2 protein chains.
Amino acid sequence: MSTPRTQAGLASVGSRPLYAQVREQLRQRISTGAWRPGQLIPNEFDLAREMGVSQGTARKALDSLAADGLLVRRQGRGTFVVEHTPSDMLFRFFNLFDTDGKPIGPDSKSAHVVQAKATADERRKLGLGMNENVIRISRVRTREDRPFVVETLILPASRFARLEKLESLPNTLYDHLQKHFGITVARGDERIVPVVAGRRQAKALDVDEGTPLLKLDRLMYDLDGNVIEWRVSYCHLDKAYYGVSLR
Amino acid sequence: MSTPRTQAGLASVGSRPLYAQVREQLRQRISTGAWRPGQLIPNEFDLAREMGVSQGTARKALDSLAADGLLVRRQGRGTFVVEHTPSDMLFRFFNLFDTDGKPIGPDSKSAHVVQAKATADERRKLGLGMNENVIRISRVRTREDRPFVVETLILPASRFARLEKLESLPNTLYDHLQKHFGITVARGDERIVPVVAGRRQAKALDVDEGTPLLKLDRLMYDLDGNVIEWRVSYCHLDKAYYGVSLR
DNA sequence: GAGTGGTCTAGACCACCCT
DNA sequence: GGGTGGTCTAGACCACTCT
């Protein structure tokens, strides 16, 4: 029992540390859906035994996944796969605040969903091949019953079958994707540019043409790094701002 | 040696974990300047002995400080207090990228520095009392020799004596503050809003009035959480964007 | 070769949560 | 009371860096 040296139960590539190998195995169980959102996973001791490592090493892998937000650890209860609730997702990835610094919780006012053949831009952004289809969602989001964001969401149709048949689009799309398609939105990149309202945006947002707007252009990725969504939003920031934490 | 129970050498408040207490002590050594930027600090074993904890506990505190960017650990060499280099600071806290996704490294074109009595706004933002002075810096930043950011920086004069006497303002202010005043800029909050260029901005940036600009309004904090700087920037994003990573 | 941080193990006690 | 994660310790070997 005193000589770790060569570990059992793992490929033992030799190069990467043990805890990183354990971490990767556990990450795959989440991304493949073997472990479902909200599920209680085995405790440290059982996982360590199954992987052929010490409890401390298993703990290091679990802590790392918890730090990245894939797991939630609750003292006295156990370790769970994170489950996105609608209220979580309403504020996560949404960086608009009112002048007092309070996060803005947007409502969906209207939405229009269609499926169509992807354009060249859409194929490039989503990494699709020729003749693949996309689902296009256009909607207006409101704040205190007044329109303040108009946006278009593009998703690969192949991964979200029949999404366009939905009667009413949920206000928070991402937890719906997790619950019904088992796909977790893990991270994204957003590009911010200032623009002035054109005719279309002015009409949708009920502002004058030429009003300064914030254009947000973003790509969202799943746990495996595949592009899930391309979204372009035009935001009318009246007594509001886009907040960024600098570290 | 086998009974940890009550630890020696620490206040032993009892409530907070040992490693957190160690972490706080080490953090203070950095923020007070007892450990200078770039300095090699004692190894894990010596620190552990000095604090009366095990090497593993000292390690946990050190790792935590390294994760927050206050320390840098180099295998085989030792642990160092982070030192901001000009090239580090040119890109950190500066989230503008060109269309290819490459970070933009701005140059300082011109700068104007004065000391004056703080206005009410300045006192509120910087947390100053009546009759306190501020240093105001106005400058234009260039990209490929063309102006693209015009900004004003406000700093509390009391903490940066004689900064306004500088012949030429360094391109990267923050590492200058660390080197000459021992004050490290640790984090900040930025508020982004779209605006259209007024007469002043249009002239400074060589664009038409009404051109959409990004207005960045930010506060920067030192290691102890005190406000160090209030900065307002107007950015002309031609073939460029403000990038945010969503997690 | 000596010294450092990086990894890994084994085992202990504590705080918390459930039933 | 029994199970969980959270903290803490003690000691080992490895990989890297410098001289």
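Numbers restart at 1 for each chain; the letters A, B, ... are given by sequence-line order, proteins then strands. In this text, all values refer to a predicted model and were calculated from it rather than measured experimentally.
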Pull out every protein N or O sitting under 3.5 Å from an N or O of nucleotides 17-19 of chain D, one pair per line with the distance.
residue : atom : partner : partner atom : Å
D/dC18  : OP1  : B/Arg77 : NE           : 3.3

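- In this pair, B/Phe97 and B/Tyr241 present their aromatic rings parallel. The plane angle is below 30°, not in the 30 to 60° band.
- Legend: salt bridge (charged side-chain N to carboxylate O under 4.0 Å, His left out) pairs involving residues 91-104 of chain A, not counting sequence neighbours, sorted by first then second residue: A/Asp100-A/Lys102.
- Regarding A/Gln55, its CD atom lies at a distance of 16 Å from the C1' atom of D/dA10, rounded to whole Å.
- For DNA chain D, the residues of residues 40-48 of chain A within the heavy-atom distance limit of 4.0 Å (strictly under) are A/Asn43, A/Glu44, sorted by number.
- Counting only residues at least two apart or in different chains, side-chain hydrogen bond (donor to acceptor under 3.5 Å, both in side chains) contacts with residues 66-77 of chain A comprise A/Arg23-A/Asp68, A/Glu44-A/Arg73, A/Asp63-A/Arg73, A/Arg73-A/Thr79.
- If you measure from atom NZ of A/Lys60 to atom C1' of C/dT7, you get 6 Å, rounded to the nearest angstrom.
- In this structure, B/Phe80 atom CZ and D/dC16 atom P are separated by 17 Å, rounded to whole Å.
- Considering only residues two or more places apart in sequence or on other chains, A/His84 meets the ring pair (Phe, Tyr, Trp, His ring centres under 6.0 Å) condition with none of them.
- Using a cut-off of 4.0 Å between Lys/Arg side-chain N and Asp/Glu carboxylate O, A/Asp107 and A/Arg139 are scored as not salt-bridged.
- Remark: side-chain polar atoms of A/Thr184 are not paired, donor with acceptor, to backbone N or O of A/Leu223 under 3.5 angstrom.
- Look at CE on A/Met51: it is 14 Å from P on C/dC8, rounded to the nearest Å.
- Between B/Asp145 and B/Arg143 there is no salt bridge, since no side-chain N of the basic residue sits under 4.0 Å from a carboxylate O of the acidic one.
- Contacts of residues 64-74 of chain A with DNA chain C (heavy atom under 4.0 Å): none.
- Taking atom CG of A/Asp63 as the reference point, atom P of C/dG6 lies 17 Å away to the nearest angstrom.
- Across C/dC8, D/dG5, D/dG6, the shortest atom-to-atom separation from the side chain of A/Leu18 is found for C/dC8.
- Checking the phosphate oxygens (OP1, OP2) of D/dG5, a side-chain nitrogen or oxygen of A/Thr79 falls inside 4.0 Å.
- By the 6.0 Å contact criterion, CZ on A/Phe91 is enclosed, its count of non-hydrogen atoms from other residues, nucleotides or ligands being greater than 12.
- Judged by distance alone, with hydrogens and angles left aside, A/Arg59 brings a side-chain donor or acceptor within reach of the base of D/dG6, the pair sitting under 3.5 Å.
- Between A/Ile192 and B/Leu237, the shortest heavy-atom contact is O-CD1, 3.9 Å.
- A/Asp217 has a carboxylate O that lies under 4.0 Å from a charged side-chain N of A/Lys125, or vice versa, which qualifies the two as a salt bridge.
- Rounded to whole Å, the distance from CZ on A/Arg49 to C1' on C/dG11 is 17 Å.
- Remark: B/Glu50 engages B/Arg29 in a salt bridge, criterion side-chain N to carboxylate O under 4.0 Å.
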